[in-house]
Amino acid sequence: VTIGNSVTTIGDYAFDSCDSLASVTIPDSVTTIGSSAFLGCDSLTSVTIPDSVTAISSSAFSSCSSLTSVTIPDSVTTIGDYAFSVCRNLSSFTISSTVVSIGKSVFSDCESLKEFVSLAVNPPSLDWEPFKNPISSVLQVPRGSLERYKASDWNKYFSRIEEIDD
């Protein structure tokens, strides 16, 4: 699905449980992805989030069981509660340097998550149990920020934290 350039908001529950939706391209005109906008889109494997989006609302992509990889653009500062929960095949996730807060249980039941990259120099604040349980994947963070992540709540959710070059 390609969403038209005149759309500025993807409303709450807009594509809720659209089982046949496999991919979606969101245009640069969109600034808001509403709550549960793509909730339960079981066939959704890829989504392109443009630089115009500033926040990903609660449960926006929750229970998208075929979603495998997500990159959050530089424009996003907040990821809402449960935004990617129960995305059971989500294996790779990258957050931009501008994300400052991650809601509760955002990645709960993302049992395939193996690669997690945070490009934020300062660790984004974490609400209640964003990962639910410690995960075995490595958290990759920008060079020079390792000690800040180790001293933060991020440390209790990852078995290893390592620095990467930008």
Side-chain angles (χ1 to χ4, degrees), residues 1-3 5 7-10 14-15 21-39 41-103 105-127 130-131 135-146 149 154 157-158 160-166:
V1 167
T2 300
I3 297 169
N5 288 331
V7 175
T8 59
T9 299
I10 298 173
F15 294 94
L21 183 63
S23 71
V24 62
T25 300
I26 301 169
D28 288 336
S29 58
V30 172
T31 58
T32 304
I33 298 174
S35 295
S36 304
F38 296 95
L39 173 71
C41 292
D42 291 332
S43 298
L44 186 63
T45 58
S46 72
V47 60
T48 302
I49 300 170
D51 285 331
S52 55
V53 173
T54 58
I56 298 174
S57 298
S58 63
S59 301
F61 295 95
S62 182
S63 299
C64 291
S65 59
S66 297
L67 195 59
T68 58
S69 177
V70 174
T71 299
I72 302 297
D74 287 339
S75 55
V76 173
T77 59
T78 303
I79 302 174
D81 298 345
Y82 308 100
F84 295 94
S85 65
V86 200
C87 290
R88 296 195 188 283
N89 288 305
L90 185 62
S91 60
S92 172
F93 201 92
T94 300
I95 60 171
S96 70
S97 61
T98 57
V99 172
V100 294
S101 68
I102 295 177
S105 297
V106 170
F107 303 103
S108 66
D109 297 315
C110 292
E111 54 212 29
S112 298
L113 192 58
K114 298 295 178 216
E115 180 182 326
F116 198 98
V117 178
S118 173
L119 298 175
V121 173
N122 293 310
S125 67
L126 300 174
D127 204 333
F131 298 95
I135 57 176
S136 61
S137 70
V138 174
L139 170 62
Q140 297 177 326
V141 300
R143 188 154 310 284
S145 63
L146 179 64
Y149 277 87
W154 286 82
Y157 294 108
F158 289 89
R160 198 168 88 231
I161 301 175
E162 64 185 26
E163 291 181 318
I164 57 170
D165 292 320
D166 298 0

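Note that the structure is predicted; figures quoted are calculated from it, not measured.
For Ser63 against Asp42, the heavy-atom pair with the smallest separation is O-OD1, 3.3 Å. The nearest pair of heavy atoms linking Pro124 to Val99 is CG-O, 3.3 Å. For the pair Ala83 and Ser57, the tightest heavy-atom approach, listed with the atom from each and the gap, is CB-O, 3.9 Å. In terms of heavy-atom proximity, Pro130 sits nearest to Ile102 at CB-CG2, 4.3 Å. Minimum heavy-atom separation, Val121 to Tyr149: O-CE1, 3.9 Å. In terms of heavy-atom proximity, Ala60 sits nearest to Ile33 at CB-CG2, 4.0 Å.
Using a 4.5 Å heavy-atom cutoff, the side chains of Val47 and Phe38 are not in contact. Counting heavy atoms from C-beta outward, Leu139 and Ser118 have side chains that approach closer than 4.5 Å. Side-chain contact between Leu44 and Phe15 is absent, with no heavy-atom pair separated by less than 4.5 Å. Looking only at side-chain heavy atoms (C-beta outward), Val53 and Thr32 stay at 4.5 Å or farther from each other. Counting heavy atoms from C-beta outward, Thr68 and Leu90 have side chains that stay 4.5 Å or more apart. By the 4.5 Å heavy-atom criterion applied to side chains, Thr9 and Val30 are not counted as neighbours. Ile161 has its side chain out of reach of Phe116: every pair of non-hydrogen atoms, C-beta onward, lies at least 4.5 Å apart. The side-chain heavy atoms of Phe131 and Trp154, taken from C-beta on, include a pair separated by under 4.5 Å.
Side chain of Ser96 to backbone of Pro73: a donor-acceptor contact under 3.5 angstrom is found. Of the possible polar contacts, one joining the Asn89 side chain to the Ser65 backbone as a donor-acceptor pair under 3.5 Å is found. In this structure, the side chain of Ser59 does not engage the main chain of Ser36 through any donor-acceptor pair within 3.5 Å.
Checked options Thr94, Leu119, Ile56; the residue passing with Ile72 is Ile56 (criterion: side chain to side chain contact (heavy atoms under 4.5 Å, CB included)).
Separating the CD atom in Glu163 from the CD atom in Gln140 is a distance of 11.5 Å, to the nearest 0.5 Å.
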Discussion item. Is there a side-chain hydrogen bond (donor to acceptor under 3.5 Å, both in side chains) between Ser85 and Ser62? Walk through the geometry before answering.
Written reply: CA-CA 5 Å; Ser85 65; Ser62 182; 2.9 Å; yes

Fill in: Verdict with reasoning, Leu126 to Tyr157, per side chain to side chain contact (heavy atoms under 4.5 Å, CB included)
CA-CA 11 Å; Leu126 300 174; Tyr157 294 108; 4.2 Å; yes

Item to complete: Take Val1 and Leu21 through the test side chain to side chain contact (heavy atoms under 4.5 Å, CB included) and record every step on the way to the result.
Response: CA-CA 7 Å; Val1 167; Leu21 183 63; 3.1 Å; yes

Practice prompt. List the steps, then state whether side chain to side chain contact (heavy atoms under 4.5 Å, CB included) holds for Val117 with Ile95.
Written response: CA-CA 6 Å; Val117 178; Ile95 60 171; over 6 Å; no

Discussion item. Before you tell me yes or no, could you show the steps for Tyr82 and Asp109 under side chain to side chain contact (heavy atoms under 4.5 Å, CB included), namely the whole-Å CA-CA distance, both residues' side-chain angles and the distance that decides it to 0.1 Å?
Written reply: CA-CA 10 Å; Tyr82 308 100; Asp109 297 315; over 6 Å; no

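Thr2 and Thr25 are not linked by any side-chain donor-acceptor pair at a separation below 3.5 angstrom, with hydrogens and angles left out of the test.
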